[in-house]
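Step one of this worksheet: look at the structure below.
Counting begins at 1 with the first residue of the sequence. Computation of the quantities below employed the complete heavy-atom set of this structure, encompassing side-chain atoms and omitting hydrogens, waters and symmetry-equivalent molecules.
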Amino acid sequence: MAKSDRSRAPETPDTWEDAQARLRACSAQETELERQNQDLRDTNHTLQAANDRHLDLYHLSPVGHATLNTAGEMVEANLTLAELLQTECEPLIGKPLTHFVAPEDRDAWHLYWQGLRRGRMPFSIVLGLDAGEGPLCRVRIDARALKREGHVTEYLLAFSQMPQDPMPMVYQYAVNIMETIRQPLLVLGWDLTVEAMNRAFCETFQLSSEEIIGQRIYDLGGGQWDIPALRALMEGIFTDEEVLEGYELRHCFPRIGHRTLMLNVRRLRQAQGQRDRILLAMEDVTDRVMKEHALEDLNARLIEVNEELRMFAYSVSHDLRAPLRSIDGFSQALLEDFGDTLDPAAQSYLERVRAAVGRMALLIDGLLQLSRIIHAEPRFRLTDLSAMARGIAVSLEEREPTRRVIWDIQNGLSATVDRTLMRTVLENLLGNAYKFSVHRDVAHIAFGATTTEEGERVYFVGDDGAGFSMAYADKLFGTFQRLHRQDEFEGSGIGLATAQRIVRLHGGRIWAEAIEDKGATFYFTLAINERNE
């Protein structure tokens, strides 16, 4: 009986040396595979870098490039071509190039494309590309077929931009200028038909471009421009004049009403053999003219009102003087003739009446002086202000010889002023300083000038008298405004208002600074032909 398989002796196991050898072989194979993988990664990296450089060169090329399939559709386009078509690369993919060829060149492109497909190469053509949003771009197209397995699968096209014709650029430049200008403009041909206009003309006169282009100017808007004065103007520009500026045209246009237009007309000389054209520019000055007329009317009314005020002030002052003189005279007569028979209260009342009459007379004199200043015509002459101030100081001291006043008047001050009016200013300012420092045992009054950092000459009159609160400074220069009681300091309240008006006549300004019981300083400037020596 044969022995079973189980009784067969097992295979001899690998020795330790055999196992080590197989492990070394596997490790070597693994190392080789890793090296091959690294080589493959390096190769891919190199290919990717080369592809990136190719794309960079492709897109940055100064020549436009596109790849077309056999249907004429773009499957690839570089940045230069996209810029020529004023778009980006992605929107071009899948679109036929025919879509971007100028309409007048599409027949030529179709012939060119048929030639390419029939294998007629090398082949080039010059045509226009039009993206529909910008000026026409002229390019030369060169092409070659790309084959795969013996069959043409794609076409590589190069677009070289052609030099621009300067005339279309100049024309577009002129059109842009016309559209930018806000005043209406027309370009007229030799027969006065409208060849071009800007948007401002359409908007101003409420006309559409269809109603304007090709129409004679006299027929625009149903004949609203058929104006005899305009006809004479247009005929003159072609016969006698080259340029006519500032021609005022007044007319009632049916659609927009009465208008005043300022016309400028220029004859545009053309090249030899071409007829000249006319550029007609107009400015609607209706509002300005209406405002000027309104201002003229207002000025005339102001002159009339001022004259009425002057006559009123003159009449009132003279009409008031007579009764005031009567009141003062009869009051004085009562005191002189019947004073012994009147009790003290009656005598006091009459004295008050006479004092009130005196104050009223001062007010009338102040009003008359203010009225004369308002209507005065200044006569400016170089004047020694230092000498003028010293003369006023002497006059003030002569009124009260017992008072002690120290005057500090700066030497060498002169300015171009109206002497009479400037004397009034200094009399008021120095007189106030003298009056409001009466309670000082020894008063100090100064007149001088200083120069600001901006180079402005500022004159000042200062004292160490009663002063005033700056809270009431805004009332200083108002008519009849007083900051002290009448029984403290007499006055009409018109002096500073008069001084302010005179300073304004000299183009200057006046202001004050003060501290109660410590004095006040008044400052003023003289902007008209000021000189100091």
**Study point:** Whether over 12 other heavy atoms sit under 6.0 Å from Ile515 CD1
**Key:**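 No, CD1 of Ile515 has 12 or fewer neighbouring heavy atoms, counting only those of other groups under 6.0 Å.
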Review point. Would one find more than 12 heavy atoms of other residues, nucleotides or ligands at under 6.0 Å from atom CD of Glu88?
Key: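 It does not: Glu88 CD has 12 such atoms or fewer within range.
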[atom2] on [Y] to [atom1] on [X], rounded to 0.5 Å:
{"X": "Phe524", "Y": "Leu426", "atom1": "CZ", "atom2": "CG", "value": "5.5 Å"}
{"X": "Cys202", "Y": "Glu210", "atom1": "SG", "atom2": "CD", "value": "9.0 Å"}
{"X": "Leu413", "Y": "Ser386", "atom1": "CG", "atom2": "OG", "value": "3.5 Å"}
{"X": "Arg250", "Y": "Ile227", "atom1": "CZ", "atom2": "CD1", "value": "13.5 Å"}
{"X": "Arg423", "Y": "Leu385", "atom1": "CZ", "atom2": "CG", "value": "10.5 Å"}
{"X": "Thr204", "Y": "Glu283", "atom1": "OG1", "atom2": "CD", "value": "11.0 Å"}

Practice item. Could you please spell out the steps behind the side chain to side chain contact (heavy atoms under 4.5 Å, CB included) verdict for Arg504 and Gln500? Key: CA-CA 6 Å; Arg504 287 178 176 175; Gln500 183 188 57; 3.4 Å; yes
Do you know the tightest heavy-atom contact between [X] and [Y]?
{"X": "Leu526", "Y": "Ala415", "value": "CD1-CB, 4.1 Å"}
{"X": "Ala514", "Y": "Ala520", "value": "CB-CB, 3.6 Å"}
{"X": "Ser331", "Y": "Val353", "value": "OG-CG1, 3.6 Å"}
{"X": "Asp226", "Y": "Pro228", "value": "O-CD, 4.0 Å"}
{"X": "Ile510", "Y": "Ala499", "value": "CD1-CB, 4.5 Å"}
{"X": "Thr80", "Y": "Gly64", "value": "CG2-N, 3.7 Å"}

Review point. Got Met388 and Ile392 here, is their nearest side-chain heavy-atom distance under 4.5 Å?
Key: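 Side chain of Met388 against side chain of Ile392, heavy atoms only: contact under 4.5 Å found.
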**Study point:** Side chain proximity check, Phe253 to Leu261, heavy atoms < 4.5 angstrom
**Key:**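 The answer is yes; the side chains approach within 4.5 Å.
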Is a side-chain N or O of [X] found less than 3.5 angstrom from the main chain of [Y], in a donor-acceptor match?
{"X": "Thr525", "Y": "Arg509", "result": "yes"}
{"X": "His506", "Y": "Asp418", "result": "yes"}
{"X": "Asn264", "Y": "Ala281", "result": "no"}
{"X": "Ser348", "Y": "Pro344", "result": "no"}
{"X": "Gln206", "Y": "Ile256", "result": "no"}

**Study point:** Partners meeting side-chain contact (heavy atoms from CB on, under 4.5 Å) with Glu513 (sequence neighbours left out)
**Key:**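 Trp511, Tyr523.
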Review point. Applying the side-chain contact (heavy atoms from CB on, under 4.5 Å) test to Leu188, which of Val265, Thr193, Ile278 qualifies?
Key: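 Per the side-chain contact (heavy atoms from CB on, under 4.5 Å) rule, the option paired with Leu188 is Ile278, out of Val265, Thr193, Ile278.
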Review point. Can you name the salt bridge (charged side-chain N to carboxylate O under 4.0 Å, His left out) partners of Arg381, sequence neighbours left out?
Key: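 So Arg381 forms no salt bridge (charged side-chain N to carboxylate O under 4.0 Å, His left out) with any residue.
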**Study point:** Pairing residues for Asp517 by the salt bridge (charged side-chain N to carboxylate O under 4.0 Å, His left out) criterion, not counting sequence neighbours
**Key:**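 Salt bridge (charged side-chain N to carboxylate O under 4.0 Å, His left out) check on Asp517 returns nothing, list empty.
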**Study point:** Intermediate values then yes/no, side chain to side chain contact (heavy atoms under 4.5 Å, CB included), Phe205 and Met197
**Key:** CA-CA 12 Å; Phe205 297 100; Met197 78 289 166; over 6 Å; no
Kindly list each side-chain donor-acceptor pair under 3.5 angstrom involving residues 284-301, sequence neighbours excluded, with atom names and distances?
{"residue": "Asp284", "atom": "OD1", "partner": "Thr286", "partner atom": "N", "Å": "3.1"}
{"residue": "Asp284", "atom": "OD1", "partner": "Thr286", "partner atom": "OG1", "Å": "2.6"}
{"residue": "Asp284", "atom": "OD2", "partner": "Arg259", "partner atom": "NE", "Å": "3.1"}
{"residue": "Thr286", "atom": "OG1", "partner": "Thr260", "partner atom": "N", "Å": "2.8"}
{"residue": "Asn299", "atom": "ND2", "partner": "Leu295", "partner atom": "O", "Å": "3.4"}
{"residue": "Arg301", "atom": "NH1", "partner": "Glu304", "partner atom": "OE2", "Å": "2.8"}

Exercise for review: Show your reasoning for whether side chain to side chain contact (heavy atoms under 4.5 Å, CB included) applies to Phe447 and Leu429.
Suggested key: CA-CA 10 Å; Phe447 170 64; Leu429 297 182; over 6 Å; no
What pairs of donor and acceptor atoms, side-chain ones from residues 214-221 against any protein atom, are under 3.5 angstrom apart with sequence neighbours left out?
{"residue": "Arg216", "atom": "NE", "partner": "Asp191", "partner atom": "O", "Å": "3.4"}

All N/O donor-acceptor pairs, side-chain side in residues 395-404, below 3.5 Å, sequence neighbours left out:
{"residue": "Ser395", "atom": "OG", "partner": "Gly391", "partner atom": "O", "Å": "3.2"}
{"residue": "Glu397", "atom": "OE2", "partner": "Trp407", "partner atom": "NE1", "Å": "2.8"}
{"residue": "Arg403", "atom": "NH1", "partner": "Tyr434", "partner atom": "O", "Å": "2.7"}
{"residue": "Arg403", "atom": "NH2", "partner": "Tyr434", "partner atom": "O", "Å": "3.2"}
{"residue": "Arg403", "atom": "NH2", "partner": "Ser437", "partner atom": "O", "Å": "3.2"}
{"residue": "Arg403", "atom": "NH2", "partner": "Ser437", "partner atom": "OG", "Å": "3.4"}

Point to revise | Residues His444, Asp408; criterion side chain to side chain contact (heavy atoms under 4.5 Å, CB included); working and verdict | key: CA-CA 8 Å; His444 294 79; Asp408 181 10; over 6 Å; no
